[in-house]
Amino acid sequence: MPWGRPLPRAFFDREPLAVARDLLGRVVTAGGVSVRLTEVEAYAGTADPASHAYRGPTGRSAVMFGPPGHLYVYFVYGMHWCANLVCERDGAAAAVLLRGGEVVAGQELARQRRPAVRSAAELARGPAKLAGVLGLSGADTGADLCRPGAGIVVSAGIPVPEAAVSRGPRVGVAAAGEWPWRFWVAGDRTVSGYRPAARRAPRTTAPGRIAPGSAGGPG
DNA sequence: ATAACGATTAGCT
DNA sequence: GCTAATCGTTATA
């Protein structure tokens with residue numbers, strides 16, 4: 001592998017802010033494609049209103065409560081997958097969302113997986129595109145990235161010096177959106193643009209209607 | 001059982 | 001810049 005040794009589990013067994021900052025420049029390899037990370041976001045489990053783990057373990061967030069160095073892939077907007085790396089000790093529920101990066105190997109495969117993309121810089125710009133070019137989906141949740149011979153790995157890559165690291169609020173996050181827990185490589189074209197949380201559309205259906213079948217359905 | 005919503009993207013103006 | 005697409009997860013009844 002040309003991207004150096006896979007990162008040890010101890011790398012992920014730290015608070016998410018430290019892991020997120022140190023993930024910049026590292027290389028994620030999966031499904032025949034490698035991406036060098038340029039943009040990530042930290043999520044801090046039960047202490048973080050924006051985290052999927054905020055309200056305690058559920059079927060979806062269970063893997064976040066497990067040991068570090070595992071993959072958490074979730075489905076959103078009815079069509080996209082986004083990939084996280086679980087951090088902190090077993091029992092804590094922190095994770096880092098992979099938001100952007102540069103495709104450094106397997107570009108042809110990546111193009112096949114994202115036919116709509118026009119430029120190389122755009123291939124893995126945005127969390128769903130990044131997970132998409134790597135071929136990740138819910139089936140990969142729970143994968144152990146630190147096991148010898150793992151099919152999905154995070155390699156040492158080339159760490160980013162402090163002077164090149166920028167930090168600011170997380171993208172598209174309503175609750176606790178102002179927390180500056182997003183890290184990116186300053187000026188890099190593979191970093192997605194900032195977007196505040198989407199405004200909710202006004203209600204179109206009147207509230208308080210009685211659902212059909214609610215009175216006398218099958219037991 | 002059911003409504004509301006989402007850590008987004010692509011396509012169009 | 002604006003918004004349709006599309007469905008699993010969650011909270012609530």
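Numbered from 1 within each chain, the chains take letters A, B, ... in sequence-line order.
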Colleague: For the pair made of CG in A:Leu85 and P in B:dA7, what is the distance, rounded to whole Å?
Modeller: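 After rounding, the gap between these two atoms is 17 Å.
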Colleague: When you check the phosphate oxygens OP1 and OP2 of B:dA7, does a side-chain N or O of A:His52 lie under 4.0 Å from one of them?
Modeller: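 Yes, because at least one side-chain N or O of A:His52 sits under 4.0 Å from OP1 or OP2 of B:dA7.
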Colleague: I'd like to know if A:Arg125 and A:Glu102 make a salt bridge, using a cut-off of under 4.0 Å between side-chain N and carboxylate O.
Modeller: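 A salt bridge is absent here (no side-chain N lies under 4.0 Å from a carboxylate O).
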Colleague: Tell me whether A:Thr141 contacts the main-chain N or O of A:Val73 through its side chain, where contact means a donor paired with an acceptor under 3.5 Å.
Modeller: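 Yes.
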Colleague: When you compare the protein's N or O atoms with those of nucleotides 11-13 of chain B, which come within less than 3.5 Å of each other, and at what distance?
Modeller:
none

Colleague: Kindly confirm whether the side-chain ring of A:Tyr74 is stacked on the base of B:dA7, judged by centres under 5.5 Å and planes under 30°.
Modeller: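 No, A:Tyr74 does not stack on the base of B:dA7, since the centre distance and plane angle fail the 5.5 Å and 30° test.
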Colleague: Once you round it to whole Å, what is the distance between P of B:dA7 and CD of A:Glu178?
Modeller: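 Between P of B:dA7 and CD of A:Glu178: 15 Å.
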Colleague: In whole angstrom, give the distance that lies between atom OH of A:Tyr194 and atom P of B:dT8.
Modeller: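 Atom OH in A:Tyr194 sits about 11 Å away from atom P in B:dT8.
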Colleague: Scan A:Ala128 against the nucleic acid and name what it touches under 4.0 Å (heavy atoms): base, sugar-phosphate only, or nothing.
Modeller: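 Sugar-phosphate: the residue A:Ala128, judged by heavy atoms under 4.0 Å, touches backbone atoms but no base.
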Colleague: With a 4.0 Å limit, can you tell me whether A:Arg182 has a side-chain N or O closer than that to the phosphate oxygens OP1/OP2 of B:dA7?
Modeller: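 No, no such contact exists.
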Colleague: Would you write out the dot-bracket form of DNA chain B, 5' to 3', with Watson-Crick and G-U pairs under 3.5 Å, [ ] for crossing pairs, | for pairs to other strands and . for unpaired bases?
Modeller: ||||||.|||||.
Colleague: Say whether A:Glu39 and A:Ser192, considering side chains only, have a donor N or O and an acceptor N or O under 3.5 Å apart.
Modeller: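 Indeed, the side chains of A:Glu39 and A:Ser192 share at least one donor-acceptor pair under 3.5 Å.
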Colleague: Does B:dT9 have OP1 or OP2 sitting under 4.0 Å from an N or O in the side chain of A:Arg125?
Modeller: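 Negative; the distance criterion is not met.
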Colleague: Is the closest basic N to carboxylate O distance between A:Asp48 and A:Arg170 below 4.0 Å?
Modeller: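 Yes, A:Asp48 and A:Arg170 are salt-bridged.
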Colleague: Quick one: on DNA chain B, does A:Glu122 or A:Val173 contact a more 5' nucleotide (nearest heavy atom)?
Modeller: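 The 5'-side residue here is A:Val173.
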Colleague: Report the distance from atom CG of A:Leu123 to atom P of B:dT9, rounded to the nearest whole Å.
Modeller: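 To the nearest whole Å, that distance equals 13 Å.
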Colleague: Just N and O in the side chain of A:Arg195: are any of them under 4.0 Å from OP1 or OP2 of B:dT8?
Modeller: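 It does, given that an N or O in the side chain of A:Arg195 lies less than 4.0 Å from OP1 or OP2 of B:dT8.
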Colleague: Return yes if some donor-acceptor pair links the side-chain N/O of A:Arg114 with the main-chain N/O of A:Leu123 below 3.5 Å, else return no.
Modeller: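 Side chain of A:Arg114 to backbone of A:Leu123, a donor-acceptor pair under 3.5 Å: no, none is there.
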Colleague: Output the rounded distance in Å from CG (A:Asn84) to P (B:dT8).
Modeller: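 For the pair A:Asn84 CG and B:dT8 P, the rounded distance is 11 Å.
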Colleague: Should A:Val19 and A:Leu71 be counted in the same cluster of Ile, Leu, Val, Met, Phe, Trp and Tyr side chains packed under 4.5 Å apart?
Modeller: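 Linked, A:Val19 and A:Leu71 end up in one cluster.
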Colleague: Is it possible for you to say whether A:Val173 and A:Tyr72 belong to one hydrophobic cluster, with membership spreading through side-chain heavy-atom contacts below 4.5 Å?
Modeller: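 Linked within one cluster.
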Colleague: Under a 4.0 Å threshold between the charged nitrogen and the carboxylate oxygen, would A:Arg14 count as salt-bridged to A:Glu88?
Modeller: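 Salt bridge between A:Glu88 and A:Arg14, a charged N being under 4.0 Å from a carboxylate O: no.
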Colleague: Counting only N and O atoms by type, is there a donor-acceptor contact under 3.5 Å from the side chain of A:Arg89 to the main-chain atoms of A:Gly66?
Modeller: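 Checked: no pair found.
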Colleague: Write out a two-atom table: protein N or O, nucleotide N or O from nucleotides 1-6 of chain C, distance below 3.5 Å.
Modeller:
from  : atom 1 : to      : atom 2 : distance (Å)
C:dT6 : O2     : A:Tyr77 : O      : 2.4

Colleague: Mind running side chain to side chain contact (heavy atoms under 4.5 Å, CB included) on A:Val96 and A:Cys87 for me, showing each step along the way?
Modeller: CA-CA 7 Å; A:Val96 175; A:Cys87 1; 3.8 Å; yes
Colleague: Any side-chain N or O of A:Thr58 under 4.0 Å from OP1/OP2 of C:dT10?
Modeller: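 Indeed, a polar side-chain atom of A:Thr58 lies that close.
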Colleague: Could you check whether A:Arg170 gets within reach of a base, just the sugar-phosphate, or nothing at all, counting any heavy atom under 4.0 Å?
Modeller: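 If one applies the 4.0 Å heavy-atom cut-off, A:Arg170 turns out to touch nothing in the nucleic acid.
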Colleague: Can you confirm if the aromatic rings of A:Tyr43 and A:His52 lie within a centre distance of less than 6.0 Å?
Modeller: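 Ring centroids of A:His52 and A:Tyr43 are no less than 6.0 Å from each other.
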Colleague: Using whole Å, report how far NZ of A:Lys129 lies from C1' of B:dA7.
Modeller: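 Checked: the NZ to C1' distance equals 15 Å.
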Colleague: Does A:Arg5 use its side chain to pair, donor to acceptor, with the backbone of A:Ala156 at less than 3.5 Å?
Modeller: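 Checking the backbone N and O of A:Ala156 against the side chain of A:Arg5, no donor-acceptor pair under 3.5 Å is found.
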Colleague: Quick one: which of C:dA11, B:dA7, C:dT10 gets closest to the side chain of A:Arg55?
Modeller: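 Per side-chain heavy atoms of A:Arg55, the pick is C:dA11.
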